[in-house]
Participant: 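Have a look at this one before I ask anything.
Note that ligands are numbered from 1 as they come in the structure, with each ligand's atoms numbered from 1 the same way. Hydrogens, waters and symmetry mates are skipped; everything else that's a heavy atom, side chains included, is used. Computed from a predicted structure; not experimentally measured.
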Amino acid sequence: MNIAAVEPFILHLPLAAGSISDSTHDVTHWGVVGTRIVTESGLTGYGFTGTHAHLASDRLITSCIRDCYAPLLVGEDARDGSRLWTKLARYPALQWVGRAGITQLALAAVDVALWDLRAKQAAMPLWQFLGGSTSATLDAYNTDIGWLSIATPELVDGAKRAVEEEGFRRIKVKVGHDDPTVDIDRLTQVRRAVGANVTMAVDGNGKWDLPTCQRFCARAADLDLFWFEEPLWYDDVGGHAALARSTSIPVALGEQLYSLDAFKSFVAAGAVTFVQPDVTRLGGITEYIQVADLALAHRLPVAPHAGEMSQVHVHLSFWHPSTSLLEYIPWIKEHFEEPIRVADGCYVRPEQPGAGTTPLASAFERHARPLR
Ligand code: 0YR
Ligand code: MG
C-alpha cells in the first residue's frame with residue numbers, strides 16, 4: 001500500500017440554516033479541510049479536520065499537509081500506521097513549531113485518511129476494522145435545536161419537535177448570555193416543554209468566568225442538567241476543577257484540546273466528567289484512541305464532539321466501550337458517499353468500507369476553494 005500522492009483540499013459547505021451562533025462563534029459555512037491520500041494501486045483515503053471556513057487559516061492547514069507532511073509520506077507503506085503517526089507527530093522541526101493548532105489539525109486530516117485507507121483495504125467500515133460489535137447501539141443528542149442565536153419561542157418549539165416528532169431523547173442547549181439568568185429562563189421553558197424524561201445538557205463554549213458559572217449552576221439546580229460543557233476558558237485546568245468541586249452538575253470538555261497530555265491534566269485534576277475528544281483536533285484517530293482509553297481507565301464516559309460533522313466519530317463511538325452517546329449536528333452529511341443517519345434518536349451503524357470520510361464528487365465541484 002505504498003503512498004503515491006497526498007493531495008490537500010478545502011471545501012466550504014454552506015449551512016442549511018444560513019448561519020448560527022454559540023457564545024463565541026458565528027458560523028455560516030463548515031470548513032472541511034483535509035487531504036486525499038492515493039496509493040500506487042489507486043486506492044484512495046480521505047481525511048479532514050473541521051473549521052469555521054476561514055480561507056486564510058484553512059490554507060495554513062493545507063500548506064502544512066502539502067509542504068511538510070506530504071514529503072514525509074510519499075513512498076511510505078500506508079499500513080504502517082503507528083510508525084507513520086510518530087514520524088509526523090514527532091518530526092523535530094515540526095514539533096518545534098507545532099504540537100497544537102495548525103500542525104495538529106493537519107496531522108488529524110492525514111491520520112484519518114490513513115485509517116480510511118486501511119479500513120477500505122480491509123473492506124470493512126472503520127468501527128468493524130477496529131473490532132466493534134454489530135449489536136452496539138449509539139444514542140444521538142441533538143445540538144442543532146439549541147443554538148444561542150435561536151430566539152426563545154423557536155428554541156422551545158424546536159426542542160419539542162425534536163422530541164415529539166423526531167424521536168430524540170437527548171438534547172443540548174447553548175448558554176452564554178452576558179446575564180446568565182436569561183439562559184436560566186430559556187432552559188426553564190425548554191424543560192417545561194420537553195418534560196422530565198429528556199436528557200438536557202448545556203454548552204457554554206468557554207465564555208463565562210468562574211463566578212458567572214457558579215452563579216449559573218446554583219440557579220440551574222432543579223433543571224436536571226446532564227452536563228455543563230466548556231463552562232470556562234478551554235485550557236483552564238484549575239478553574240474547571242474548582243467548578244467541578246462546587247457543583248453537582250457534571251463538567252464536560254475536550255473539543256478544544258489538542259493532545260493526550262492536555263486530557264491527562266484535566267482528568268488528573270478531577271476537572272472533567274464527560275470526556276469529549278475530537279478526532280479532528282487531536283492528532284487524528286491514533287491519538288483519539290489514546291484519549292478514549294485514558295477515560296476508560298478512569299471510568300469516565302466518552303462523548304465525542306460533533307459526531308455527524310466528522311463522520312469518523314460515529315465509527316469510533318460504535319466501537320469504543322466508553323461511548324454510548326454522540327452529538328448530532330446535521331450540517332454536512334449530504335455531501336458524503338454514505339450520509340450519516342439517525343432514526344428514533346439513535347445513530348444507524350455505517351456499512352460502507354472506510355471511515356465514512358469520502359466526500360461526493362458534487363461537493364468538490366460545488367464547494368471546493370482554491371488552495372492559494
Ligand atoms: C459552532 N459543539 C460545539 C460549533 C460546536 C460549536 O461553532 O462548532 O458550537 O462545535 O460546541 O458541542
Ligand atoms: Mg461544544
Side-chain angles (χ1 to χ4, degrees), residues 11-33 48-54 57-58 105 108 139-150 155 158 162 168 170-177 183 186-187 199-208 213 216 225-236 240 243 249-258 262-263 266 271-282 288 291 301-314 317 323 325-333 340:
L11 304 177
H12 285 177
L13 306 175
L15 268 51
S19 68
I20 63 89
S21 303
D22 60 30
S23 71
T24 49
H25 313 108
D26 304 305
V27 186
T28 62
H29 292 71
W30 194 249
V32 169
V33 180
F48 56 85
T49 188
T51 74
H52 289 167
H54 177 253
S57 56
D58 288 350
L105 297 169
D139 278 14
Y141 74 80
N142 190 320
T143 294
D144 206 36
I145 56 103
W147 301 108
L148 210 61
S149 45
I150 300 177
L155 170 71
F168 285 95
R170 301 171 180 275
I171 58 172
K172 186 165 88 185
V173 179
K174 297 287 182 176
V175 297
H177 290 85
D183 296 288
R186 282 160 66 84
L187 293 166
T199 298
M200 179 165 71
V202 297
D203 187 352
N205 288 96
K207 185 183 169 196
W208 283 335
C213 287
F216 170 82
L225 298 184
F226 193 63
W227 72 54
F228 187 2
E229 176 172 328
E230 292 199 317
L232 296 160
W233 178 251
Y234 317 112
D235 299 315
D236 182 1
H240 284 96
L243 180 64
I249 303 170
V251 170
L253 57 82
E255 68 174 73
Q256 297 262 352
L257 299 184
Y258 287 96
F263 279 93
F266 278 91
V272 58
T273 297
F274 285 91
V275 178
Q276 300 184 302
D278 188 332
V279 77
T280 67
R281 189 176 300 270
L282 286 162
Y288 175 103
V291 171
V302 175
H305 172 229
E308 184 271 339
M309 289 198 299
S310 74
Q311 305 286 113
V312 181
H313 287 156
V314 178
S317 300
T323 303
L325 79 166
L326 176 61
E327 181 160 34
Y328 180 65
I329 308 178
W331 281 354
I332 64 169
K333 59 184 179 176
I340 296 294

Participant: Of all the atoms in ligand 1, which lie at a distance below 4.0 Å from a heavy atom belonging to Lys172?
Facilitator: 2 (N), 12 (O)
Participant: What protein heavy atom sits nearest atom 3 (C) of ligand 1, and how far off is it?
Facilitator: Lys174 NZ, 3.1 Å
Participant: Any sub-3.5 Å donor-acceptor pair from His305's side-chain atoms to Gly254's backbone N or O?
Facilitator: no
Participant: In the protein, how many N/O/S atoms are under 2.8 Å from the Mg ion (ligand 2)?
Facilitator: 3
Participant: Classify the ring geometry of His52 against His25: parallel below 30°, tilted from 30° to 60°, perpendicular beyond 60°.
Facilitator: perpendicular
Participant: Give me the residue, atom name and distance of the protein heavy atom closest to atom 5 (C) of ligand 1.
Facilitator: His305 NE2, 3.5 Å
Participant: How far apart are the closest heavy atoms of Ser23 and Asn205, and which atoms are they?
Facilitator: OG-CB, 3.5 Å
Participant: Counting only heavy atoms, which portion of Asn205 has something under 4.0 Å from ligand 1: side chain, backbone, both, or neither?
Facilitator: side chain
Participant: Go through ligand 1 atom by atom and flag the ones less than 4.0 Å from a non-hydrogen atom of Trp30.
Facilitator: 8 (O)
Participant: Are any of the N/O atoms in Trp147 less than 3.5 Å from those in ligand 1?
Facilitator: no
Participant: Which atoms from ligand 1 have a heavy atom of Asp203 less than 4.0 Å away?
Facilitator: 2 (N), 3 (C), 11 (O), 12 (O)
Participant: Could you check atom 2 (N) of ligand 1 against the protein and tell me its nearest heavy-atom contact, residue, atom and distance included?
Facilitator: Glu327 OE2, 3.1 Å
Participant: Is there a heavy atom in Thr143 that sits closer than 4.0 Å to ligand 1?
Facilitator: no
Participant: Classify the ring geometry of Phe216 against Phe228: parallel below 30°, tilted from 30° to 60°, perpendicular beyond 60°.
Facilitator: tilted
Participant: How close do His240 and Phe266 get, counting heavy atoms only, and between which atoms?
Facilitator: ND1-CE2, 3.6 Å
Participant: What closest approach, in Å, do Val312 and Val279 show between heavy atoms, and which atom pair accounts for it?
Facilitator: CB-CG1, 4.2 Å
Participant: If you compare all heavy atoms of Phe168 against all heavy atoms of Ala140, which two are closest, and at what distance to 0.1 Å?
Facilitator: CD2-O, 3.6 Å
Participant: Spell out, as yes or no, whether a donor-acceptor pair under 3.5 Å connects the side chain of His313 to the backbone of Asp278.
Facilitator: no
Participant: By number and element, which atoms of ligand 1 are closer than 4.0 Å to a non-hydrogen atom of His25?
Facilitator: 7 (O)
Participant: For Lys333 versus Gln311, what's the shortest heavy-atom pair and its separation?
Facilitator: CA-OE1, 4.2 Å
Participant: For ligand 1 and Glu229, I'd like to know whether there is a polar contact (N/O to N/O, distance under 3.5 Å).
Facilitator: yes
Participant: Considering only protein heavy atoms, which is closest to atom 4 (C) of ligand 1, and at what distance to one decimal place?
Facilitator: Asp22 OD2, 4.0 Å
Participant: Determine whether the aromatic ring centres of Phe226 and Tyr141 lie less than 6.0 Å apart.
Facilitator: no
Participant: Please confirm whether the backbone N or O of Gly176 pairs with a side-chain atom of Lys207, one donor and one acceptor, at under 3.5 Å?
Facilitator: yes
Participant: Can you list the ligand 1 atoms lying under 4.0 Å from a non-hydrogen atom of His52?
Facilitator: 1 (C), 7 (O), 8 (O)
Participant: Which is it for Glu229 and Gln276 under the side chain to side chain donor-acceptor pair (under 3.5 Å) test, yes or no, and what are the steps along the way?
Facilitator: CA-CA 9 Å; Glu229 176 172 328; Gln276 300 184 302; 3.0 Å; yes
Participant: I would like to know whether Ser19 and Asp26 meet side-chain contact (heavy atoms from CB on, under 4.5 Å); could you show each step before the answer?
Facilitator: CA-CA 7 Å; Ser19 68; Asp26 304 305; over 6 Å; no
Participant: Please verify whether a non-hydrogen atom of Glu230 lies at under 4.0 Å from ligand 1.
Facilitator: no
Participant: Under 4.0 Å from a heavy atom of Val27: give me the atoms of ligand 1 that qualify, with their elements.
Facilitator: 1 (C), 7 (O)
